[in-house]
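So you know, we letter chains A, B, ... as the sequences are listed, proteins then strands, and number each from 1. The analysis underlying the following values was restricted to heavy atoms, covering all of them including side chains, and did not include hydrogens, waters or symmetry mates.
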Amino acid sequence: MDRRLSDDENGARDVSQSPTTEPKQDIDTVKPEADEGIVTGPAVPAQASTEQLNALTHRLLGPSLTKSGQEGVSQDNVSQVILDASKGSKFYEREAALAAGLATRVAALQTRKAKLEAQDLRVHLRNADAFLASLESSRDLSRIIVHLDCDAFYAAVAALKDPTLKGIPFAVGGSVLSTCSYEARKFGVRSAMPAFVARKLCPELKLVDQDFPSYIAKAGEIRAILQTYDPNFQPAGLDESYLDLTAYCQDNDISASDAVSKLRTEVREKCGITISAGIAATAPLAKIAGNVNKPDGQFEIPSTREAVMAYMADLSVRKVAGIGRVLQCELDAVGIRVCADIYPQRALLVPLFGDKTAKFLLTSYLGIGRTRIAPSDGRDRKSVGTEGTFADLAGAQALRTKLRQTAEALEEDMKQAGVKGRTVVLKVKLHTFEVLTRQVGTHIPVWTKDDIYRISLPMLERLEKEIPGLKIRLLGLRCTHLVEAKLSVDKNFFGAAKAPNTEERFCVCQDDQILAPAVPPPERASAHRAEGSRSGVPVDEDGWEIWPEAEFEAAAEQERKEEFEELLKLSQELEERHDQDNGAKAPLESSRSTSPADDVESWACPICNRPQPADERALNEHIDLCLSRETIREVVRSVPENKAPAKLEKPTLPSKQVPRKRARPRGGGSISKSNHEQSNAKRRAFFS
DNA sequence: ATACATACC
DNA sequence: GACTGGTATGTAT
């Protein structure tokens with residue numbers, strides 16, 4: 001599915017009331033579930049085509065139904081127009097196929113649910129309750145987190161440049177709209193809508209092109225202001241940011257809501273952009289709150305446990321960032337429509353939706369989430385890719401040309417990002433809109449167009465073979481498993497901007513050998529030659545020459561490095577947990593048996609089962625590393641929260657432990673005291 | 001590890 | 001007639 005638990009958001013938004021404090025009805029007009037209720041009827045097992053049509057309509061309506069500006073728009077009429085516009089197209093057929101797949105999954109979910117309910121669910125129930133309790137004990141209500149979102153940002157910037165756009169329905173984008181003015185939204189026009197559909201809804205709709213330089217410039221102006229409120233704020237795209245105003249409010253003796261009013265006024269007056277803001281104790285809650293009084297408004301979710309729980313209770317799960325149309329549908333099928341519905345189903349969540357999604361849902365139910373705001377350090381990018389849509393394309397030559405162009409574009413992006421990749425992914429969208437991907441790993445990180453092309457061509461050939469007459473409307477390439485490019489020959493030490501053409505660059509990617517087989521035989525190492533001529537001696541990232549015999553070592557070194565990094569990451573995770581930053585990382589289940597295999601006959605690591613160099617010393621080293629890694633994993637698994645061991649040492653055999661938490665929430669209310677110490681601040685917040 | 005699907009801006 | 005692009009991530013296999 002998608003990110004959900006990850007590190008990011010999760011929360012909800014919209015209506016609802018909080019007993020203890022204010023939030024009553026919001027301006028967002030619509031009722032909690034009313035605004036994006038599942039069109040599909042609840043629990044009936046796949047009821048013929050009416051239901052499927054409804055599900056399809058739901059899909060076609062697009063992802064932005066939750067967005068503001070749709071109040072008072074006749075959704076029935078809009079749906080009809082969209083349906084009419086789409087019917088019979090390939091796009092429509094593809095959507096219908098996806099909708100059918102969803103219907104199947106939903107039916108399966110319901111079957112599985114019925115089966116589960118006849119079983120003994122005590123273990124799952126206990127696990128869920130333990131997880132909830134550990135989350136609860138990590139709740140931190142002490143921060144003032146603000147989410148800012150510029151209203152129709154691209155459109156607003158466009159209107160600043162061209163005042164004749166003010167007050168009229170217009171949209172930014174090409175064949176698909178990026179965003180549109182609020183006047184346009186009154187017609188049912190939305191972002192992500194194809195332009196031709198938008199025109200049917202609003203014939204006078206004016207279209208303007210995107211202008212990224214302007215957006216970037218304006219975003220810069222705004223950020224300069226935000227910085228004075230929180231120097232450590234976190235941009236989230238061009239038009240959104242998270243701030244932690246705890247210090248600002250304290251230092252200036254000002255309330256959160258006054259501070260945010262002031263900030264919004266300042267941005268409006270200095271930049272001409274209106275902003276909507278959400279104020280809450282966590283990032284996901286702030287994001288939800290920000291959608292309440294949009295546009296040009298703000299909303300605060302009070303930072304008491306009661307207010308948060310009450311707010312979440314009536315909230316449509318769809319309002320939670322990370323729950324999209326599909327998961328909403330699946331949840332609906334098991335009786336979960338608002339966040340309060342999550343609790344009674346808690347024992348079923350893991351078996352029905354998997355571990356991550358289950359944790360995510362429980363976290364959302366409690367209204368718990370990230371409280372630490374920090375700009376991304378730029379090193380966290382995980383992939384770089386490029387793709388393009390074009391008129392249907394077929395034929396070996398045309399496809400290769402397109403592939404080469406794409407590889408060239410990707411090289412540019414890789415250069416820009418300063419990274420190389422160890423995996424290349426080819427993506428293709430057939431003329432039918434079906435999407436296919438193929439990927440391969442490489443031993444040596446790549447980034448040049450030639451390497452990328454050579455690696456991706458066999459994937460394309462594979463597709464051509466699988467699908468005779470391959471006809472596509474999109475082709476994309478992406479590199480993952482990124483490695484920092486550091487200093488390399490092209491950015492050489494002497495500043496001579498010489499960009500060696502790939503021919504003279506070291507490239508293991510000349511033949512089939514580049515492709516990392518699933519299980520590379522260790523002997524293969526010295527088998528192939530770097531074909532670098534004298535003038536093109538192989539060079540590694542640091543500018544050192546690589547001798548052919550060293551290739552395997554380089555790859556092995558890379559692997560060791562990564563393993564070490566994983567170790568590091570795991571240790572950090574422990575620390576984080578210790579910080580109680582985000583209880584969502586606590587284990588829900590301590591299952592997973594990891595008894596090392598006894599069988600070491602080949603050169604495969606008995607722990608991770610990955611092939612290892614045919615070198616006893618190296619193998620032993622690897623096994624040690626693997627064991628310690630496994631140990632850390634176990635510790636991470638078995639220490640729900642602030643009990644991280646002060647120090648990790650000598651690898652020991654993995655030992656299994658069971659979460660110790662026993663505290664359980666009572667009917668979504670308070671929980672019994674945990675036997676863990678908590679900081680006073682948190683304790684106070686929690687029991688306030 | 002690979003493929004596919006979902007999600008968000 | 002016409003339905004994006006970039007990145008992340010969850011799940012199944």
Side-chain angles (χ1 to χ4, degrees), chain A residues 1-10 59-60 62-64 66-67 82 85-86 88-95 97-98 101-102 105 149-150 152-154 172-179 191-200 210 212 215 235-240 287 318 320-330 352-360 376 380-392 409-410 413 417 422-423 425-429 433-441 459 463 473-482 516-519 608-610:
Chain A
M1 302 274 130
D2 107 309
R3 46 117 126 356
R4 281 168 226 170
L5 240 213
S6 59
D7 189 25
D8 86 327
E9 319 301 320
N10 66 291
R59 289 193 71 93
L60 290 169
S64 53
T66 49
K67 292 290 160 54
I82 294 176
S86 307
S89 68
K90 291 173 183 172
F91 177 81
Y92 176 93
E93 295 304 325
R94 171 63 177 158
E95 288 297 302
L98 290 173
L102 175 57
R105 291 204 305 279
D149 191 344
C150 301
F153 185 57
Y154 294 178
V172 180
S175 58
V176 173
L177 309 184
S178 293
T179 190
S191 52
M193 180 177 274
F196 78 93
V197 174
R199 282 217 198 268
K200 289 199 169 158
Q210 290 192 323
F212 273 100
Y215 308 149
L238 281 175
D239 67 333
E240 290 184 25
K287 182 159 171 78
R318 185 63 173 86
V320 177
I323 299 180
R325 293 171 291 169
V326 171
L327 184 54
Q328 178 195 21
C329 227
E330 295 175 351
L352 289 180
F353 299 103
D355 207 54
K356 298 281 172 92
T357 303
K359 286 177 179 170
F360 169 69
S376 74
D380 35 6
R381 181 121 83 132
K382 296 198 170 55
S383 74
V384 177
T386 184
E387 67 185 45
T389 296
F390 35 76
D392 288 355
L410 183 53
D413 293 346
R422 293 181 59 222
T423 301
V425 186
L426 171 70
K427 172 178 171 182
V428 140
K429 193 185 284 181
F433 283 87
E434 188 181 351
V435 176
L436 306 174
T437 62
R438 294 293 180 269
Q439 70 180 64
V440 287
M459 294 192 272
L463 286 174
R473 68 183 335 272
L474 169 148
L475 189 144
L477 286 170
R478 175 167 301 275
C479 282
T480 66
H481 295 129
L482 300 185
V519 184
C608 68
N609 203 30
R610 279 181 291 191

Query - Sugar-phosphate only, base, or nothing, as touched by Arg478(A) at under 4.0 Å among non-hydrogen atoms - result: base

Query raised in the report: How do Thr423(A) and Arg59(A) order along DNA chain B: which one's closest nucleotide is nearer the 5' end?
Result: Thr423(A)

**Report entry** Sequence-distant partners of Phe196(A), side-chain contact (heavy atoms from CB on, under 4.5 Å), two or more places apart
**Finding:** Ala85(A), Pro194(A)

Query raised in the report: dT11(C) P sits how many Å from Glu330(A) CD, rounded?
Result: 10 Å

Query - Phosphate contact (dT11(C) OP1 or OP2) by Lys356(A) side-chain N/O below 4.0 Å - result: no

Query raised in the report: Distance check: side-chain N/O of Ser175(A) vs OP1/OP2 of dT4(C), anything under 4.0 Å?
Result: no

**Report entry** Distance in angstrom units between Leu238(A) CG and dT7(C) C1', rounded
**Finding:** 14 Å

Report task. Could you tell me whether Leu436(A) contacts a base, only the sugar-phosphate backbone, or nothing, with contacts defined as non-hydrogen atoms closer than 4.0 Å? Result -> sugar-phosphate

Query raised in the report: Looking for any heavy atom pair under 4.0 Å, which part of the strands does Asp380(A) touch: base, sugar-phosphate only, or nothing?
Result: sugar-phosphate

Query - Sole residue of Arg59(A), Lys90(A), Arg325(A) in salt bridge (Lys or Arg N to Asp or Glu O under 4.0 Å) with Glu95(A) - result: Arg59(A)

Query raised in the report: At under 4.0 Å, does any side-chain N or O of Arg473(A) touch on OP1 or OP2 of dC3(C)?
Result: yes

Query - Integer-rounded Å distance: dA7(B) P and Arg318(A) CZ - result: 7 Å

Requested in this report: Measure from the side chain of Arg94(A), starting at C-beta and using heavy atoms only, and say which of dT4(C), dG5(C), dA5(B) lies closest.
Outcome: dA5(B)

Query raised in the report: Contact class for Gly388(A) (heavy atom, under 4.0 Å): base, sugar-phosphate, or nothing?
Result: sugar-phosphate

Query raised in the report: How long is the line joining CD of Glu434(A) and C1' of dA3(B), in whole Å?
Result: 12 Å

Query raised in the report: Is any side-chain N or O of Ser383(A) closer than 4.0 Å to OP1 or OP2 of dA8(C)?
Result: yes

Query raised in the report: Hey, is the side chain of Ser86(A) poking within less than 4.0 Å of OP1 or OP2 on dC3(C), counting only N and O atoms?
Result: no

Query raised in the report: Which value, in whole Å, describes the distance between the P atoms of nucleotides dA5(B) and dT4(C)?
Result: 16 Å

Query raised in the report: Does Ser178(A) make a side-chain N or O approach to OP1 or OP2 of dT4(C) shorter than 4.0 Å?
Result: no

Query raised in the report: Using a cut-off of 4.0 Å on non-hydrogen atoms, how would the nucleic acid contact of Thr386(A) be classed: base, sugar-phosphate, or nothing?
Result: sugar-phosphate

Report summary line: Here the pair of heavy atoms bringing Tyr154(A) nearest to Thr179(A) is CB-CG2, 3.5 Å

Requested in this report: Would you classify Gly237(A) as touching base, sugar-phosphate or nothing, given that sugar-phosphate means primed atoms plus P, OP1 and OP2, and contacts are heavy atoms under 4.0 Å?
Outcome: nothing

Requested in this report: Could you state the atom-to-atom distance from CZ of Phe360(A) to C1' of dG10(C) in whole Å?
Outcome: 12 Å

Query raised in the report: Between Phe91(A) (CZ) and dA2(C) (P), how many Å, whole number?
Result: 12 Å

Report task. Mind checking the OH-SG spacing from Tyr215(A) to Cys150(A)? Nearest 0.5 Å is all I need. Result -> 12.5 Å

Query raised in the report: For Gln439(A) and dT7(C), what is the distance between atoms CD and P respectively, to the nearest whole Å?
Result: 16 Å

Query raised in the report: In whole angstroms, how far is the P atom of dT7(C) from the CG atom of Leu410(A)?
Result: 9 Å

**Report entry** Per Thr357(A) side chain, nearest of listed nucleotides dC3(C), dC9(B), dG10(C)
**Finding:** dG10(C)

Report task. Could you work out which one of dC3(C), dA3(B), dC9(B) sits closest to the side chain of Thr437(A)? Result -> dA3(B)

Query raised in the report: OP1, OP2 of dC4(B) versus side-chain N and O of Arg438(A): anything below 4.0 Å?
Result: yes

Report task. Could you tell me whether Glu95(A) contacts a base, only the sugar-phosphate backbone, or nothing, with contacts defined as non-hydrogen atoms closer than 4.0 Å? Result -> nothing

Query - Results of ring-ring contact (aromatic ring centres under 6.0 Å, His included) for Phe153(A) - residues two or more places apart only - result: none

Query raised in the report: Of all the choices, dC9(B), dT6(B), dA8(C), which nucleotide is nearest to the side chain of Arg381(A) once you look at every atom?
Result: dA8(C)

Query raised in the report: If you round to the nearest 0.5 Å, how far is OG1 of Thr423(A) from CD of Gln439(A)?
Result: 6.0 Å

Query - Given DNA chain C, 5'-ward residue of the pair Phe390(A) and Lys382(A), judged by closest heavy atom - result: Phe390(A)

Query raised in the report: Can you find a donor-acceptor pair, distance only, under 3.5 Å between Thr389(A) side chain and dC3(C) base?
Result: no

Report task. Would you classify Val384(A) as touching base, sugar-phosphate or nothing, given that sugar-phosphate means primed atoms plus P, OP1 and OP2, and contacts are heavy atoms under 4.0 Å? Result -> sugar-phosphate

Query raised in the report: Would you say dC3(C) has OP1 or OP2 under 4.0 Å from some side-chain N or O of Arg199(A)?
Result: no

Report summary line: Nearest heavy-atom approach of Val384(A) to Leu410(A) is O-CD1, 3.5 Å

Query raised in the report: For dT6(B), does either OP1 or OP2 sit under 4.0 Å from a side-chain N or O belonging to Arg105(A)?
Result: yes

